[in-house]
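Only one structure is covered here, and it is reproduced in the block below.
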Amino acid sequence: MAETTIYDKSSPGRRGVRFPQPDVPLTKLPESLMRKELPLPEVSENEVVRHFTRLSQLNYGVDIGFYPLGSCTMKYNPKVNEAAARLPGFALIHPLQPVDTVQGALHLMYELQEHLKEIGGFAGMTLQPAAGAHGELTGVLIIKKFHEVNGEPQRNKILIPDSAHGTNPATSAMSGFKVVEIPSDGRGNVDLEALRAECDETLAGFMLTNPNTLGLFDENVCDISALVHEAGGLMYGDGANMNALLGIAKPGEFGVDIMHYNLHKTFSTPHGGGGPGSGPVGVCERLVDFLPGPVVVAETIDDGFEMPFYRFDVPKYSIGRMKAFHGHFGMMVRAYAYILAHGAEGLREVSEYAVLNANYLMHKLKGVYKLPYDRVCMHEFVIEGRWSGIEDIHALDISKRLMDYGFHPPTNYFPLIVREALMIEPTETESIETLDAFAEAMLRIAEEAKTNPEILHEAPHNTPIGRLDEVQAAKNLILCCGLPTQYAE
Amino acid sequence: MYHPHTESDREEMLKAIGKSSIEQLFDAVPKAFRFPELKLPPRLTEMEAMGLLQDLAEGNETSRDLPMFLGAGAYNHYIPAAVDFILKRGEFYTAYTPYQPEISQGTLQAIFEFQSHVVNLTGMEVSNASHYDGATAAAEALNMARMVSRNKRTKAVISPALHPHYRETIDTYIQGENFTVVGPELDPASSPDALFGLIDEDTAVVMVQYPDFFGRIYDLSALAEKAHAVGALLSVSVNPLALAMFKSPGEYDADIVSGEGQPLGIPLSYGGPYLGLLATKEKYVRTIAGRLVGETVDVNGKSGYVLTLSTREQHIKRDKAGSNICSNQGLMMLAATVYVSLLGREGLKEVAALNYHKAHYAAEQIASLDGFELWSDAVFFNEFAVRCPMPVAELNEELLDAGIIGGLDLGDAYPGMENVMLVAVTEMTSKEDIDYLVTALQEVANG
Ligand SMILES: Cc1ncc(COP(=O)(O)O)c(C=O)c1O
């Protein structure tokens, strides 16, 4: 049964949480500025808890089962990280406290900056960006400011492969750049000739995702970097796919000048139903002075204590602040805990097993589903959700049918350069048994597509609700609940 | 270490794919860069790591250790136990953005209810599913207003009493573009009336904060009228808790509301993750940044929820999208939704009133001290500025010695205000804490 809204459950006079009476004398209220109505629900605590518990039961999460959503790295979210972020010493500190009262927090941030620099091969790091796209914006604004400071403001063009995520072009356009799309070649790499043709004096930068969104490591990465650098551009790396490269390669070493991480992908901080993320940005030596401020710096004061003293500093040519305060500290605690739990050896294992799992699964699906690029993949791969001869089966039908088998579907229709794309990222935290079970479901669905296509078209059958009418949602916009009964006319 | 692979699993998988070692999977990576050494501390077991983290956590003074009078966009409020109970449900916090509605109705309905709470608090008609924080939401509000003007208008009039971090974030977002901000140079003590003279036909948006950075509440009707008279929008950055007691921006005919939702059940957590709010009138819905959830029906006519108007967003529009936001603040949105539902209409008013009365008691007590006076006589909510007889930087050091984390030194962001302290008081501040602060201030000031 559908769960009614919290507004439907409202009953005048019902109370959830109560607060103490004021322990101070009351002050007169400024009547002319006071609001008359506050149309919010009135519900008991029990009803609120049941309501949201029941809502949770309509959701699918990593804690329930396999979630191979490509490009999103839906790995297991360690529970100790949740406990750590909730420690009072982390949860109950104010962002503007004097730095000498939060040295523990600054120490953690400093170490996290250092570790992320080491993992990606960068000289500087900011923890401020709120998510991947926000990290991209940080990086692209650094590109802009760098060229300005160097007296080359005419560099107004950013090149982006046609396989890129939508945030790449959106970010570049938002920062005032002209976006030029570069096609991919037959092996799924950036087309070098097309790239060369665009490398001129208006080139500001190139946004590369490597491994790219096809799950392939671009074999020409050194040539790409060389072309871009020779033309005076900067290399931006979209680090969404860093789960393939921990201890495998450092982007800073293969020519990437700026890169954002997604702590909510690679470093296991939970996706939270759509956030909060965290998108730290690393830069090479010549861009360190452009980072958004403040960053955490360590200074050793000779006062007899061992611990260095940590404080904030704003870099010389800083692009400025990207958001209020210092970034998503709660996510930093989780990512730091994750790095502690792995060390260098463990992080390399993460990427090795992420890549092994993807290749294993790709192998199992290969003969039955078309692989547009038949190469060793990295942490994810893309197959086509279509067969010639069965014209009316789409990637979406396969995805919906997977739900009936108890799995979360892969990413659909991305990257845009693969027809009926299904992008599958198993992550390292899945066992061989889970991969086998998923492969079996996929093979069975391929069979059903031939013998019983209706069952795919009508899928899902076993979910709390069937396929929803998105056209109607957009045409007849209903974006809010009705008001509680006493306010409804 | 959270992977399940045994040695025999690994062998079996390698065999299946026809490789003899995992290393072979990385042949595409240029050899010179393959398998670099990572200089990181050795891995720890959960028990060891937690011990280390606990030590770091104990290296901080918390709002439970010391009475704290800091606010400035992040407030120490009580969070009912039920909120975190819900956030810890794996079905919620280990899910992704609800792209597959059939197995994401929980998140989708929660967003729908969140949008409703925000609409009802702000007096707007539509709300998005959240933005990163108050600062980035303000920057997006400005961007929305530019879109509404079809990029024809090239000026924003921004109050000097907008949070300095928000103003700096806006400056970052618009750098190098043909767009200017005026207003921040005005005297921060002035009321919104001081902005009137800056508003003209080239103004895309007038932006104020409510309560403003100094805690003050002003009637915004005249400002809305001035803005609308020249075709500019009024954008208001809010603390949603204050809206439980004061008139909503909608009542003043504001066009866009941004805000910081942290006061609604989100821990201080050293500045984040928090919750950006973004709401507007229905006629501007196509310019709003981020996700929106709408109600619809399934194939059997059963009502349900989906992400809607996605054609505004980056994954469809790419370089034509109005904003690049993808992940937002999902779980923080859930916290606020549960918090508002739990407190409800009466509870939220109760907390707001507690904040108001306690802050006014504190203000009165401090103002009665020799050498201290209120910096403004405007109406305020739970935060106020006090002119002190000495630099706040020095005062705060003495307060810290007395075991108090004092208010914000306004000289940091406003040159010339080195002697003015911004003091925040919430329902968590007891009368005893306030009296202790007052005594300490008196002692410090009297040397
Ligand atoms: C390749 C890629 N780039 C960028 C992003 C944007 O990251 P975020 O959602 O954290 O803003 C994503 C997210 O899915 C992605 O897959």
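Chain naming here is simple, since letters A, B, ... match the order of the sequence lines and numbering starts at 1 in each.
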With side chain to side chain contact (heavy atoms under 4.5 Å, CB included) as the criterion, how do A:V376 and B:K19 come out once you've worked through the C-alpha distance, each side chain's angles and the decisive distance to 0.1 Å? CA-CA 10 Å; A:V376 171; B:K19 300 280 175 196; 3.8 Å; yes
Chi angles and distances behind the side-chain hydrogen bond (donor to acceptor under 3.5 Å, both in side chains) call for B:N324, A:T167: CA-CA 5 Å; B:N324 70 340; A:T167 50; over 6 Å; no
Would you please test A:F325 and B:H165 for ring-ring contact (aromatic ring centres under 6.0 Å, His included) and show each step? CA-CA 7 Å; A:F325 311 122; B:H165 286 187; 5.3 Å; yes
Test side chain to side chain contact (heavy atoms under 4.5 Å, CB included) on A:V355 and B:I22 and set out the steps. CA-CA 8 Å; A:V355 172; B:I22 290 188; over 6 Å; no
After noting the C-alpha distance and the side-chain angles of B:Q105 and A:L468, does the key distance pass the side chain to side chain contact (heavy atoms under 4.5 Å, CB included) rule? CA-CA 11 Å; B:Q105 285 297 302; A:L468 288 136; 3.5 Å; yes
Can you check side chain to side chain contact (heavy atoms under 4.5 Å, CB included) on A:I319 and B:Q175, steps first, answer last? CA-CA 8 Å; A:I319 56 162; B:Q175 64 193 291; 3.9 Å; yes
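Put simply, the side chain of B:D319 never gets that close to the backbone of A:A170: no donor and acceptor are under 3.5 Å apart. When atom types are taken as modelled, the side chain of A:D23 and the backbone of B:K431 share a donor-acceptor pair closer than 3.5 angstrom. Between the side chain of A:Y67 and the main chain of B:Y96, a donor-acceptor pair closer than 3.5 Å is present. With hydrogens and angles ignored, the 3.5 Å screen pairs no side-chain donor or acceptor of A:K400 with any backbone N or O of B:Q100. A:K145 places no side-chain N or O within 3.5 Å of a backbone atom of B:G176 that could act as its donor or acceptor partner. Judged by distance alone, the side chain of B:H315 and the main-chain N or O of A:G166 form no donor-acceptor pair under 3.5 Å. The backbone N or O of B:T94 sits nowhere less than 3.5 Å from a side-chain atom of A:D63 that would complete a donor-acceptor pair. Using a distance-only test at 3.5 Å, with no hydrogens or angles considered, a donor-acceptor pair links the side chain of B:Q115 to the main chain of A:L479. With hydrogens and angles ignored, the 3.5 Å screen pairs a side-chain donor or acceptor of B:N60 with a backbone N or O of A:A105.
When the shell of 6.0 Å around CZ of B:R64 is examined, it contains 12 or fewer heavy atoms from other residues, nucleotides or ligands. A 6.0 Å sphere centred on CD of B:Q54 holds more than 12 heavy atoms belonging to other residues, nucleotides or ligands. In this structure, B:F35 places its CZ atom where more than 12 heavy-atom neighbours from other residues, nucleotides or ligands lie under 6.0 Å away. Open room surrounds CD on B:E46; 12 or fewer heavy atoms of other groups in view lie less than 6.0 Å from it.
Only the side chain of A:K144 comes within less than 4.5 Å of a heavy atom in chain B; its backbone stays farther off. Proximity to chain B (any heavy atom under 4.5 Å) is shown, for A:F254, by both the backbone and the side chain. If you measure heavy-atom distances from A:E82 to chain B, the contacts under 4.5 Å come from the side chain alone. Contact annotation for A:L29: both backbone and side-chain heavy atoms come within less than 4.5 Å of a heavy atom of chain B. In this structure, the portion of A:M74 lying under 4.5 Å from any heavy atom of chain B is its side chain and not its backbone. Interface residue A:R86: only side-chain heavy atoms are found under 4.5 Å from chain B. Both the backbone and the side chain of A:P39 come within contact range of chain B, with heavy atoms under 4.5 Å apart. Of the atoms belonging to A:L96, heavy atoms from both backbone and side chain fall under 4.5 Å from chain B. For A:H408, the parts lying near chain B are the backbone and the side chain together; criterion is any non-hydrogen pair under 4.5 Å. Contact of A:P98 with chain B is made through the side chain alone, with heavy-atom distances under 4.5 Å. Both the backbone and the side chain of A:L340 come within contact range of chain B, judged by heavy atoms closer than 4.5 Å. Proximity to chain B (any heavy atom under 4.5 Å) is shown, for A:A85, by neither the backbone nor the side chain. For A:M403, the part lying near chain B is the side chain, with the backbone staying farther off; criterion is any non-hydrogen pair under 4.5 Å. Heavy atoms closer than 4.5 Å to chain B are found nowhere in A:V350, neither backbone nor side chain.
The OG atom of B:S116 sits 5.5 Å away from atom OH of A:Y7, with the distance rounded to the nearest 0.5 Å. Atom-to-atom distance recorded for A:L87:CG and B:L56:CG is 10.0 Å, nearest 0.5 angstrom. Note that CG of B:N76 and NE2 of A:H94 are 8.5 Å apart. Values are rounded to the nearest 0.5 Å. The line from OH of B:Y305 to CD1 of A:I465 is 9.0 Å long, rounded to the nearest 0.5 Å. Atom OG of residue B:S104 and atom CG of residue A:L55 lie 12.0 Å apart, to the nearest 0.5 angstrom. Taken from OG in B:S341 to CG in A:L40, the straight-line distance is 8.5 Å, to the nearest 0.5 Å.
Comparing B:N120, B:V299, B:T97 by how many heavy-atom pairs each has under 4.5 Å with chain A, the most go to B:N120. With respect to chain A, the highest number of heavy-atom pairs below 4.5 Å among B:A110, B:P98, B:A16, B:A321 belongs to B:A16.
At least one side-chain heavy atom of B:E91 sits less than 4.5 Å from a side-chain heavy atom of A:I64. Proximity of B:M245 to A:R35: side-chain heavy atoms (C-beta onward) are nowhere separated by under 4.5 Å. Counting heavy atoms from C-beta on, the side chains of A:C480 and B:E113 never come closer than 4.5 Å. Side-chain contact between A:Q97 and B:I405: present, with at least one pair of heavy atoms (C-beta onward) separated by less than 4.5 Å.
In this structure A:H264 satisfies the ring-ring contact (aromatic ring centres under 6.0 Å, His included) test together with A:H271, sequence neighbours excluded. Residues satisfying the ring-ring contact (aromatic ring centres under 6.0 Å, His included) criterion with A:H134, sequence neighbours excluded, are B:Y132.
Between A:Y76 and B:Y2, the angle of the ring planes lies from 30° to 60°, which puts this pair in the tilted group. Ring geometry for B:Y270 versus A:F329: interplanar angle over 60°, hence perpendicular rather than tilted (30 to 60°). Aromatic ring orientation, B:Y78 versus A:F19: perpendicular (interplanar angle above 60°, classes split at 30° and 60°).
Each of A:E352, A:E349, A:E430 was scored for a side-chain hydrogen bond (donor to acceptor under 3.5 Å, both in side chains) with B:H3, with one residue passing: A:E349.
Under 4.0 Å is where a charged nitrogen must lie from a carboxylate oxygen, and between A:R15 and B:E350 at least one such pair does. Salt-bridge annotation for B:D171 and A:R321: absent, with no side-chain N of the basic residue lying under 4.0 Å from a carboxylate O of the acidic one. Looking at A:R467 and B:D298, no side-chain N of the basic residue comes within less than 4.0 Å of a carboxylate O on the acidic one, giving no salt bridge.
In this structure, B:R89 is not positioned above the aromatic face of A:F52 in the sense of NZ or CZ being under 6.0 Å from the six-membered ring centre and within 45° of the axis.
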